[in-house]
Amino acid sequence: MRHVSRGFDKTQGELLVLDDVDLSLQSGEIVGLLGRSGSGKSTLLRIVCGLIQPSSGEVMYQGQRVQGPAPGIAMVFQNFALFPWLTVLENVEVGLEAQRVPAAERRARALSAIDLIGLDGFENAYPREMSGGMRQRVGFARALVVNPTLLLMDEPFSALDVLTAETLRTDLLDLWTQARMPIQSVLIVTHNIEEAVLMCDRILVLSSNPGRVVAEIKVPFARPRNRLDPAFRDLVDDIYATMTARLSSEQGRRALTLGSRLPPVSTNLLAGLAEMLVTAPYQGHADMPEIASALLLEVDDLFPVAETLQYLAFAELREGDIVLTPPGHVFAESGTQERKRLFADHLLRHVPLAARIRQVLNERPGHHAPRVRFEQELEDFLTDGAARETLDTAINWGRYAEIFSYNDKSEMFSLDDVEA
Ligand code: ADP
Ligand code: MG
């Protein structure tokens, strides 16, 4: 990929999702793409396989410019993307229909892909009769049946439970190590740092808003890898620090604006993290990987919580550490009422959307406003889904802070039961 950028049209100009991304894959390597949700990972994969076009820049594969679905490149999706009315065998054969492969050869190749991925005996089963892990095996068989030389995987294990994911990962790595597939390179998207270190030869970190490749990490360990190996753990920690350092510098540049996306973080989680940070052994200062594992959270779950505490000026993020600010200490240590008051104060000062809702309610004679009033305003900046999610988050925080009321049924905001 050379100088690839991609934007999507919005009422308020263009939303730039990928900005000047350069990326190359060599034969013989598994490359991981790590980034937070919304950073443009799926968009990047879709561009690589020719499903969508870049706004500028180009993608070359084996000397040819990729301009539409490219032969030799196959993709495995997070949600399996199977046809429920087709059997396993038929689902796998679908991969070959577009290529006009004769029926007999289609069948033979589908059967051998099914065999390779460990689905022998399930040829005539329907997706609904199978577990998530088996369904994703069908997803893999359908990608493998076209004999791809490049395999793209978009968070292929994230919809599976931990054990199923581990089994499937190991099976796939075994096939790779034993060179039992014609695949020459793999590009896997993940938001799980451990998974990336376990599987990849090289890891690229994608920043958010817009997505750029901001770090490249080589993974020097032989396979099979041991998660408990101290060198393995150290590398996971380093990547964590890289990603949090990015996060803090990205944030240093930017306070929230009215059109900023708000992460769906509950006030319980915010208070929980603050409380944990303030107690021993952290005393207000903790290493992010350490606190993530203490809370049993993954990177994609912890970052938004930490980020929100930072937006609210309750914490600062520095090089892989999270540090409570003085008001953050007070927030963590006070009782319910005091905590709510402090949260309300910081919410109105640091989250422009919350302040806007309150201002509109103050100004309207009956102090009422419908949800659509704000949803439409947000849709100038965000996609419909993101606008809805952002408003839901603001409702959540605003209700907790008691800066406004919201009626789920009538979808109306008001100042009923709110102190002036
Ligand atoms: P990731 O896979 O890293 O979570 P995506 O590539 O799915 O990220 O999305 C990145 C951003 O691009 C998001 O803000 C998303 O809303 C936006 N986006 C993706 N596809 C479209 C589309 N077809 N139209 C408008 N916006 C889109
Ligand atoms: Mg995605």
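Residue numbers count from 1 along this sequence. All ligand and atom numbering here is 1-based and tracks the order in the structure.
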Note to self: Testing the basics here: between Tyr240 and Ala292, what is the closest heavy-atom pair and its distance to 0.1 Å?
What the structure shows: OH-CB, 3.2 Å
Next item on the list: Give a yes or no on this: more than 12 heavy atoms of other residues, nucleotides or ligands lie within 6.0 Å of atom CZ of Arg169.
Entry: yes
Next item on the list: Decide, yes or no, whether a salt bridge links Glu402 with Arg341 under the criterion of side-chain N to carboxylate O below 4.0 Å.
Entry: no
Item checked: All pairs passing salt bridge (charged side-chain N to carboxylate O under 4.0 Å, His left out) where residues 52-72 contributes a residue, at least two apart -> Arg2-Glu58, Glu58-Arg65
Checklist line | Euclidean distance, Leu23 CG relative to Arg202 CZ, rounded to 0.5 Å | finding: 7.0 Å
Next item on the list: For ligand 1, list the protein residues that place a heavy atom within a distance below 4.0 Å of one of its atoms, sorted by chain and number.
Entry: Phe8, Val17, Arg36, Ser37, Gly38, Ser39, Gly40, Lys41, Ser42, Thr43, Arg261, Thr383
Checklist line | Sequence neighbours excluded - side-chain hydrogen bond (donor to acceptor under 3.5 Å, both in side chains) pairs with any residue from residues 19-28 | finding: His3-Asp20, Asp19-Arg212
Item checked: Side-chain donor-acceptor contact under 3.5 Å, Thr393 with Asn396 -> no
Notebook entry, point to check: For the ring pair His346 and Phe314, is the centre-to-centre distance below 6.0 Å?
Noted result: yes
Item checked: Flag if over 12 foreign heavy atoms under 6.0 Å of CD, Glu29 -> yes
Next item on the list: Anything protein N, O or S sitting under 2.8 Å from the Mg ion (ligand 2): count it and give me the total.
Entry: 1
